[in-house]
Peer 1: 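Got a structure for you, written out below as structure tokens; questions coming shortly.
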Amino acid sequence: AQKVTQAQTEISVVEKEDVTLDCVYETRDTTYYLFWYKQPPSGELVFLIRRNSFDEQNEISGRYSWNFQKSTSSFNFTITASQVVDSAVYFCALSMKTSYDKVIFGPGTSLSVIP
Amino acid sequence: DAGVTQSPTHLIKTRGQQVTLRCSPKSGHDTVSWYQQALGQGPQFIFQYYEEEERQRGNFPDRFSGHQFPNYSSELNVNALLLGDSALYLCASSLGKIVGGELFFGEGSRLTVL
């Protein structure tokens, strides 16, 4: 079965703190893709990053960084020096090569950054 | 460059009625996917349309149907509405030839069934 778990339902941090959002996935496919999306209050999901299963290199983009570890089936997302504008719901997602059209989303983590 | 647009943004229906939601994909995109997002949950895949055909379908009953037009826009139809169909319906567009590509989402149509 394919599944995405985000154990943290809600996180609250004070501005400028670092925060890590956890994501654990399950799949038997050897080729798959992992994503993070951000959903602000407006409702529109915004793409943040895409990783394929053969690329375990970690990535940094400004204040955002991602840690992909196949050994633990995790794809965690860290925001450094958080800002109020980072407040949103964040979704980790998975698609498999055998059914790449179907993206499976986790339940999401609601992040609140307090000024 | 217009992004993904959806209409209507909000609508209220009663049980047993039928609803049609519409989506125009991002310019240059040929694939449209529909997702249902219940309150406090992640989006659930309904189906995807490519070249005017349903390419893949999630675990939704036949009451949920769709269509894609030659200009790549799409409609989602839900018949015999149930209270549990109340949700945010999201449309996402992408390029069909790119495997595992990113999805571009609209702001959704919020359906309330009374």
Peer 1: Honestly curious: do B:Tyr49 and B:Leu95 fall in one hydrophobic cluster under the side-chain, below-4.5 Å linking rule?
Peer 2: no

Peer 1: Between A:Gln39 and B:Leu88, does the side chain to side chain contact (heavy atoms under 4.5 Å, CB included) criterion hold? Intermediate values first, please.
Peer 2: CA-CA 12 Å; A:Gln39 187 176 39; B:Leu88 180 67; 4.1 Å; yes

Peer 1: More than 12 non-hydrogen atoms from neighbouring residues, nucleotides or ligands closer than 6.0 Å to CG on B:Asn71, yes or no?
Peer 2: yes

Peer 1: Among the clusters formed by ILVMFWY side chains lying less than 4.5 Å apart, do B:Leu11 and B:Phe64 turn up in the same one?
Peer 2: yes

Peer 1: According to a 4.5 Å side-chain heavy-atom criterion applied to Ile, Leu, Val, Met, Phe, Trp and Tyr, with indirect links allowed, do B:Leu81 and B:Leu83 form part of one hydrophobic cluster?
Peer 2: yes

Peer 1: Would you say NZ of A:Lys70 has more than 12 non-hydrogen atoms from neighbouring residues, nucleotides or ligands within 6.0 angstrom?
Peer 2: yes

Peer 1: Determine whether the aromatic ring centres of B:Phe105 and A:Phe47 lie less than 6.0 Å apart.
Peer 2: no

Peer 1: Is there a continuous path of hydrophobic side-chain contacts, each under 4.5 Å between heavy atoms, that joins A:Phe54 to A:Tyr25?
Peer 2: no

Peer 1: Heavy-atom distances under 4.5 Å only: say whether B:Gln41 touches chain A with side chain, backbone, both or neither.
Peer 2: backbone

Peer 1: Can you see which heavy atom on A:Leu45 is nearest to which on B:Pro43, and at what distance?
Peer 2: CD2-CG, 4.1 Å

Peer 1: Donor-acceptor pair, A:Tyr37 side chain versus B:Leu103 backbone, under 3.5 Å?
Peer 2: yes

Peer 1: With heavy-atom distances below 4.5 Å as the criterion, would you say the side chains of B:Tyr35 and A:Val103 are in contact?
Peer 2: yes

Peer 1: Under 4.5 Å heavy-atom distance to chain A, tell me which part of B:Gln37 shows up: side chain, backbone, both or neither.
Peer 2: side chain

Peer 1: Could you grab the distance from atom CD of B:Glu102 to atom CZ of A:Arg50, nearest 0.5 Å is fine?
Peer 2: 8.5 Å

